[in-house]
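Here is how names work: the chains are called A, B, and so on, in the same order as the sequence lines, proteins then strands, and each is numbered from 1.
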Number of protein chains: 2
Amino acid sequence: MPTAEACAVCEARPFSICAPLSTAELAELDRFSTTLHLPAGATFVHEGDPADHCFNITAGSAKIYKLLPDGRRQVIGFLFTGDFLGTATRGPYGISAEAMTPLSLCRFERTSFRAVLSRLPALEHALLDRTADELEAAREQMLLLGRKAARERVASFLLSLSRRAVRLGRVADPVQLPMGRTDIADYLGLTTETVSRVLTQLRTEGMIRLNGTSEVHLTRRAALESLCEGA
Amino acid sequence: MPTAEACAVCEARPFSICAPLSTAELAELDRFSTTLHLPAGATFVHEGDPADHCFNITAGSAKIYKLLPDGRRQVIGFLFTGDFLGTATRGPYGISAEAMTPLSLCRFERTSFRAVLSRLPALEHALLDRTADELEAAREQMLLLGRKAARERVASFLLSLSRRAVRLGRVADPVQLPMGRTDIADYLGLTTETVSRVLTQLRTEGMIRLNGTSEVHLTRRAALESLCEGA
DNA sequence: CGACAGTTTGAACAATCTCAAGCCGCGTGG
DNA sequence: CCACGCGGCTTGAGATTGTTCAAACTGTCG
């Protein structure tokens with residue numbers, strides 16, 4: 001179980017909402033956290049369930065999504081090391097969350113987390129900033145979903161993954177796709193077939209190079225960038 | 001210009017982030033606010049400009065949107081009395097905002113607003129809750145844009161407007177559309193023609209009744225509700 | 001009363017989806 | 001070590017939804 005020490009050596013901390021906390025504050029927060037380890041494929045948040053917990057991802061990647069009753073699915077986002085989950089609503093969870101790789105996370109009881117928030121203004125600040133960033137990203141995605149063509153969506157997606165990798169201290173160029181074509185399609189509002197076709201097309205045009213199915217080289221990044229914006 | 005008195009009689013307050021503030025706190029916040037009145041059509045936030053201010057809408061309605069270089073537009077949302085604008089980024093504005101009707105608003109300098117936030121935890125709480133709600137709404141809209149058919153989008157839109165009217169203390173049934181077909185289309189990721197066709201179709205099927213171009217009766221609300229979810 | 005902006009309607013078109021095969025890589029078991 | 005089988009990915013052809021382009025309508029405001 002977590003200890004102040006666990007936080008002290010936590011590799012996710014520089015990327016997490018707990019980054020700005022002092023050692024004492026960290027201990028205060030840590031008192032209410034539980035460490036979990038989940039296998040790939042585990043669904044750990046169910047849309048519609050009472051939102052009892054919130055989570056901080058310390059290792060691995062996950063996806064969050066919403067479903068329509070007939071099974072249509074919209075992937076809302078992909079979560080990586082340092083991402084926080086559970087801010088959004090005070091009622092039931094608005095999304096479901098599933099591990100894409102083996103996943104490590106800190107879990108907090110929502111009620112105690114909210115109480116801690118009041119005691120640690122730095123934490124509340126960080127959470128507000130983070131939530132605002134997520135909102136900004138969601139708006140960008142609304143633009144993508146509402147107004148971009150398939151090619152533009154895929155190009156935007158590849159670049160955003162690349163930028164994210166950089167933020168996490170990884171390389172910008174060979175982009176890793178930890179998710180399958182179905183997840184990409186459900187994230188971009190397309191079908192797997194269309195995603196596949198567009199990738200082949202971009203490859204043919206020399207804008208990308210595919211290494212197997214889950215690694216992409218962004219040759220001609222500039223061209224991809226102008227594609228994003230509709231060139 | 002605003003005074004503590006202005007806040008005391010403000011009709012938007014019950015719907016605003018300042019609702020939970022005490023009289024003293026209100027005075028503290030008010031010290032940094034300016035009241036503005038804008039004509040319909042005025043653009044008061046420009047995407048990409050440095051985000052110097054944030055705003056609280058006290059009367060009227062506005063729209064926020066994002067543009068692609070070639071002019072394609074995604075309307076991100078419609079703002080009404082009590083809505084707050086400007087949380088999102090710490091860098092430049094991520095959206096543009098335009099008055100749809102004559103608009104009254106409280107304007108805050110971003111830097112002083114952030115300073116006041118630190119002094120008024122109740123305000124920061126309210127803002128975090130509000131931002132989380134917006135995020136939840138944005139995610140719902142991502143589902144709509146990525147996965148719903150045109151009929152479903154329009155039905156969802158009418159119902160969400162109706163629910164919003166109720167929250168503002170207005171009637172649920174004759175829904176007012178303060179925006180034109182173009183704005184609706186750009187909000188739903190469709191064209192005006194498609195919006196128009198769907199509305200006619202819903203009218204023909206007896207699900208709605210149109211009173212002129214900007215008032216809609218939701219006859220058979222239940223049918224609309226199941227349409228939203230894909231029935 | 002007339003003009004104009006916004007809305008509605010119509011017909012042809014195009015992007016993406018659907019349905020259907022085939023392919024590839026990989027893990028398993030012989 | 002290699003053949004097999006399975007899941008995910010790719011490719012193809014045809015169907016569909018929504019778009020585009022164009023014209024007619026409406027009602028609002030000088």
- Query: So, do L188(A) and K148(A) sit near enough that their side-chain heavy atoms are less than 4.5 Å apart?
  - Reply: no

- What is the distance from CD of E215(A) to C1' of dG25(C), rounded to the nearest Å? 16 Å

- Message: I need the CG-C1' distance between N211(A) and dC24(C), as an integer number of Å.
- Response: 15 Å

- What integer distance in Å separates R147(B):CZ from dT18(C):C1'? 13 Å

- Task: Measure distances between side-chain N and O atoms of R181(B) and base N and O atoms of dT9(C), and say whether any donor-acceptor pair falls under 3.5 Å.
- Result: no

- Message: Would D183(A) and R73(A) count as a salt bridge (charged side-chain N to carboxylate O under 4.0 Å, His left out) here? Give the steps.
- Response: CA-CA 9 Å; D183(A) 287 338; R73(A) 192 179 66 146; 2.7 Å; yes

- Identify the residue among I208(B), L202(B), N211(B) that makes a side-chain contact (heavy atoms from CB on, under 4.5 Å) with V216(B). I208(B)

- Given dG18(D), dC17(C), dT11(D), the nucleotide with the shortest approach to the side chain of R203(A): dT11(D)

- Can you find a pair of side-chain heavy atoms, one from T200(A) and one from L210(A), that are under 4.5 Å apart? no

- Indicate whether any N or O donor in one side chain lies under 3.5 Å from an N or O acceptor in the other, for S162(B) and R221(B). yes

Give each protein N/O atom lying under 3.5 Å from an N/O atom of nucleotides 22-25 of chain D, with the pair distance.
none

- Taking side chain as C-beta onward, heavy atoms only, is R110(A) less than 4.5 Å from H53(A)? no

- Task: Find out whether R220(A) and L218(A) are in side-chain contact, i.e. whether some heavy atom of one side chain is under 4.5 Å from a heavy atom of the other.
- Result: no

- Task: Round to the nearest Å and state the distance from L199(A) atom CG to dT16(C) atom C1'.
- Result: 15 Å

What's touching nucleotides 27-30 of chain D from the protein side, N or O pairs under 3.5 Å?
none

- Atom CG of L145(A) and atom P of dG18(D) are separated, to the nearest Å, by 15 Å

- Which nucleotide sits closest to the side chain of R197(B): dA11(C), dG12(D), dT8(C)? dA11(C)

- Using 30° and 60° as the class limits, which term best fits the ring planes of F55(A) and F44(A): parallel, tilted or perpendicular? perpendicular

- Query: If we only count heavy atoms from C-beta on, is the K63(B) to D186(B) side-chain gap below 4.5 Å?
  - Reply: no

- N or O in side chain of T194(A) less than 4.0 angstrom from dT16(C) OP1/OP2: no

- Query: Under the salt bridge (charged side-chain N to carboxylate O under 4.0 Å, His left out) criterion, do E47(B) and R139(A) qualify, and how do the steps go?
  - Reply: CA-CA 12 Å; E47(B) 182 178 353; R139(A) 288 170 169 178; over 6 Å; no

- Message: Within the 4.5 Å heavy-atom criterion, are E134(B) and F84(B) side-chain neighbours or not?
- Response: no

- Message: With nearest nucleotide decided by heavy atoms, which residue, T200(B) or T191(A), maps closer to the 5′ end of DNA chain C?
- Response: T200(B)

- Message: Give the residues of residues 150-161 of chain A touching DNA chain C, defined as any heavy atom closer than 4.0 Å, sorted by residue number.
- Response: A150(A)

- Item | Length of the line joining L202(A):CG and dT10(D):P, which is rounded to integer Å | 12 Å

- Are any of the side-chain heavy atoms of R130(B) and T87(B) separated by less than 4.5 Å? no

- Closest nucleotide of DNA chain C for L210(B) versus for L190(A): which of these residues is on the 5' side? L210(B)

- Message: In this structure, how many angstroms lie between the C1' atom of dG7(D) and the CG atom of D183(A), rounded?
- Response: 14 Å

- Task: Rounded to the nearest angstrom, tell me the gap between atom CG in L177(B) and atom P in dT8(C).
- Result: 10 Å

